[in-house]
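In what follows, a single structure is set out as structure tokens and then discussed.
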Amino acid sequence: MSGSSSIKVGTIVDLLANRFGVIRWWAWDTDEVMIGAILTQQTRWENVETAISRLKADRLATMAAIHAANVADLEEAVRCTGFFRIKARRLKALAALVMDTYGGVEQMAAIPTGKLRASLLTVNGIGEETADSILCYGFSRTCFVVDAYTDRILHCAGVREKPSAIKDLFETVLPVDLILYRQTHAHIVEYSKRCCQKKRCDECQIASLNG
DNA sequence: GACCAGGTCCTTG
DNA sequence: CAAGGACATGGT
């Protein structure tokens with residue numbers, strides 16, 4: 001991890017903060033964050049919100065309810081997010097961990113971050129990004145979330161690293177501050193959607209960091 | 001109609 | 001390990 005990468009990351013964080021200021025994001029309870037984290041995999045956010053509304057209407061928007069629900073009912077509620085069969089199964093798998101292993105979301109809040117992360121990663125369908133989203137937005141842990149947009153924006157800046165290295169970069173550069181972690185991730189998504197239409201863009205403001 | 005969306009898993013070489 | 005395919009609906 002080079003020093004210039006750290007400087008670029010710091011510059012990007014400041015630049016985005018000045019550009020967007022405060023963004024409200026994922027002001028949901030822990031159960032809904034878990035559900036949303038799985039449903040948003042490779043899927044537009046608007047479709048996820050539709051599915052969450054549907055789950056709420058069906059009284060299926062909690063881990064306890066999902067644990068008890070029929071897979072077919074779950075599938076129907078999350079159909080609009082695509083990959084609906086696999087996502088219904090993933091929701092069931094997460095709910096099984098939450099309810100059977102811990103006895104509920106509240107009990108999980110007492111688990112240290114590293115152990116909780118490892119535990120989430122044992123669930124089929126939960127990878128690094130999904131786990132970190134749940135930790136950051138659901139359990140208020142300072143885990144920096146690296147998604148496709150984060151990779152894209154760093155690529156614009158000329159930083160090419162694996163997701164795990166990008167996560168380390170941000171967690172090294174940023175002060176340990178939950179709100180800052182959340183804001184920065186939200187800023188990156190916002191910037192990428194508005195300014196980097198193409199997956200690989202070399203003409204945006206971030207790209208100018210390459211000199 | 002083509003292409004893509006806030007990933008992850010499984011299978012091959 | 002890296003690469004390729006599968007999973008599937010909805011919006012542009």
Side-chain angles (χ1 to χ4, degrees), chain A residues 9 12-13 16 20 23-28 30 32-55 58 60 71-97 117-139 141 143-157 160-167 169-171 178 180-201 204 206:
Chain A
V9 166
I12 290 169
V13 170
L16 295 177
F20 295 118
I23 301 179
R24 260 183 235 308
W25 234 52
W26 276 35
W28 289 349
T30 307
E32 289 172 22
V33 168
M34 288 179 154
I35 294 165
I38 287 173
L39 295 185
T40 197
Q41 292 171 354
Q42 194 68 24
T43 302
R44 291 178 187 282
W45 190 249
E46 305 77 57
N47 296 340
V48 174
E49 292 185 313
T50 303
I52 298 266
S53 299
R54 180 74 190 275
L55 286 166
D58 293 349
L60 290 176
V71 182
D73 292 338
L74 266 183
E75 288 180 350
E76 202 47 46
V78 306
R79 176 180 287 271
C80 65
T81 66
F83 303 143
F84 63 93
R85 278 182 267 267
I86 224 172
K87 284 177 178 172
R89 274 209 307 275
R90 288 174 179 180
L91 288 173
K92 290 290 276 184
L94 176 57
L97 175 80
R117 187 172 196 270
S119 182
L120 289 168
L121 288 174
T122 66
V123 176
N124 186 295
I126 294 189
E128 311 248 334
E129 180 186 336
T130 306
D132 287 335
S133 291
I134 291 171
L135 290 167
C136 183
Y137 292 97
F139 288 101
R141 310 302 170 90
C143 276
F144 193 81
V145 180
V146 175
D147 54 23
Y149 290 138
T150 319
D151 179 64
R152 191 186 301 185
I153 203 170
L154 284 201
H155 194 280
C156 288
R160 292 160 177 259
E161 302 282 358
K162 303 178 300 184
S164 62
I166 293 175
K167 175 179 159 73
L169 248 183
F170 275 93
E171 292 185 352
L178 177 66
L180 184 58
Y181 273 46
R182 291 178 177 173
Q183 278 296 300
T184 301
H185 176 226
H187 287 159
I188 288 171
V189 173
E190 208 53 38
Y191 181 87
S192 295
K193 281 186 185 170
R194 285 149 74 152
C195 306
C196 299
Q197 309 301 9
K198 295 182 296 186
K199 281 198 172 178
R200 295 296 180 224
C201 130
C204 64
I206 300 292

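Chain A is the first sequence line, chain B the second, and so forth, proteins listed ahead of strands; every chain is numbered from 1. In this text the structure is predicted, and so the values were computed from the model without any measurement.
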(request) Ignoring backbone atoms, establish whether R152(A) has a side-chain N or O less than 4.0 Å from OP1 or OP2 of dA5(B). (result) yes
(message) How many whole angstroms separate atom CG of L121(A) from atom P of dG7(B)?
(response) 16 Å
(request) Using a 4.0 Å heavy-atom cut-off across all strands, classify E129(A) as base, sugar-phosphate, or nothing. (result) sugar-phosphate
(request) Considering just the side-chain nitrogens and oxygens of T40(A), establish if one lies under 4.0 Å of OP1 or OP2 belonging to dA5(B). (result) no
(request) Send over the distance from R89(A) CZ to dA8(C) P, rounded to a whole Å. (result) 7 Å
(request) Counting heavy atoms from C-beta on, name the nucleotide in dG7(B), dT9(C), dA5(B) closest to the side chain of R44(A). (result) dA5(B)
(message) Please evaluate residues E75(A) and R89(A) with respect to the criterion salt bridge (charged side-chain N to carboxylate O under 4.0 Å, His left out), reporting the C-alpha separation (whole Å), side-chain torsions for both, the decisive distance (0.1 Å), and the verdict.
(response) CA-CA 8 Å; E75(A) 288 180 350; R89(A) 274 209 307 275; 6.0 Å; no
(message) For a quick check of understanding: with a heavy-atom distance under 4.0 Å over all strands, which category does E46(A) fall into, base, sugar-phosphate or nothing?
(response) nothing
(request) Take L55(A) and V78(A) through the test side-chain contact (heavy atoms from CB on, under 4.5 Å) and record every step on the way to the result. (result) CA-CA 8 Å; L55(A) 286 166; V78(A) 306; 4.1 Å; yes
(request) Tell me what I188(A) touches on the nucleic acid: a base, only sugar-phosphate, or nothing, going by heavy atoms under 4.0 Å. (result) nothing
(request) Grab the NZ-P distance between K193(A) and dC4(B) for me, whole Å please. (result) 17 Å
(message) Measure CG/D151(A) against P/dG7(B) and give the value in whole Å, please.
(response) 11 Å
(request) Would you kindly give the CD-to-C1' distance between Q42(A) and dT9(C), to the nearest whole Å? (result) 12 Å
(request) Indicate, with a heavy-atom threshold strictly under 4.0 Å, whether R90(A) touches base, sugar-phosphate, or nothing. (result) base
(request) Please measure how far the P atom in dA8(C) lies from the corresponding atom in dG1(B), and state the result in whole Å. (result) 22 Å
(message) On DNA chain B, compare the nucleotides closest to I126(A) and W25(A); which residue's is nearer the 5' end?
(response) W25(A)
(request) Could you tell me how the ring of Y191(A) sits relative to the ring of F20(A): parallel (under 30°), tilted (30 to 60°) or perpendicular (over 60°)? (result) perpendicular
(request) Check every strand shown and say whether T81(A) touches a base, only sugar-phosphate, or nothing at a heavy-atom separation below 4.0 Å. (result) nothing
(request) Could you say whether N47(A) or N124(A) is positioned toward the 5' end of DNA chain B, judged by the nucleotide with the nearest heavy atom to each? (result) N47(A)
(message) Under a 3.5 Å cutoff, is there a donor and acceptor pairing between the side chains of T130(A) and Q41(A)?
(response) yes
(request) Considering non-hydrogen atoms only, spot the tightest contact between V145(A) and H185(A) and give its length. (result) O-CD2, 3.5 Å
(message) Need one value for V123(A): base, sugar-phosphate or nothing, where a base atom within 4.0 Å counts as base even if backbone is also close, heavy atoms only.
(response) sugar-phosphate
(request) Starting at atom CH2 of W45(A), determine the distance to atom C1' of dT9(C), rounded to an integer number of angstrom. (result) 17 Å
(request) Using only heavy-atom distances, determine whether the side chains of N47(A) and T50(A) contain a donor-acceptor pair under 3.5 Å. (result) no
(request) Indicate, with a heavy-atom threshold strictly under 4.0 Å, whether R79(A) touches base, sugar-phosphate, or nothing. (result) sugar-phosphate
(request) If dT9(C) has a Watson-Crick or G-U wobble mate with both distances under 3.5 Å, name it; if not, just say none. (result) dA5(B)
(request) Could you tell me the separation between the CD1 atom of I86(A) and the C1' atom of dC9(B), rounded to a whole number of Å? (result) 7 Å
(request) Take atom CZ of F83(A) and atom P of dT9(C), then tell me their distance rounded to the nearest Å. (result) 10 Å
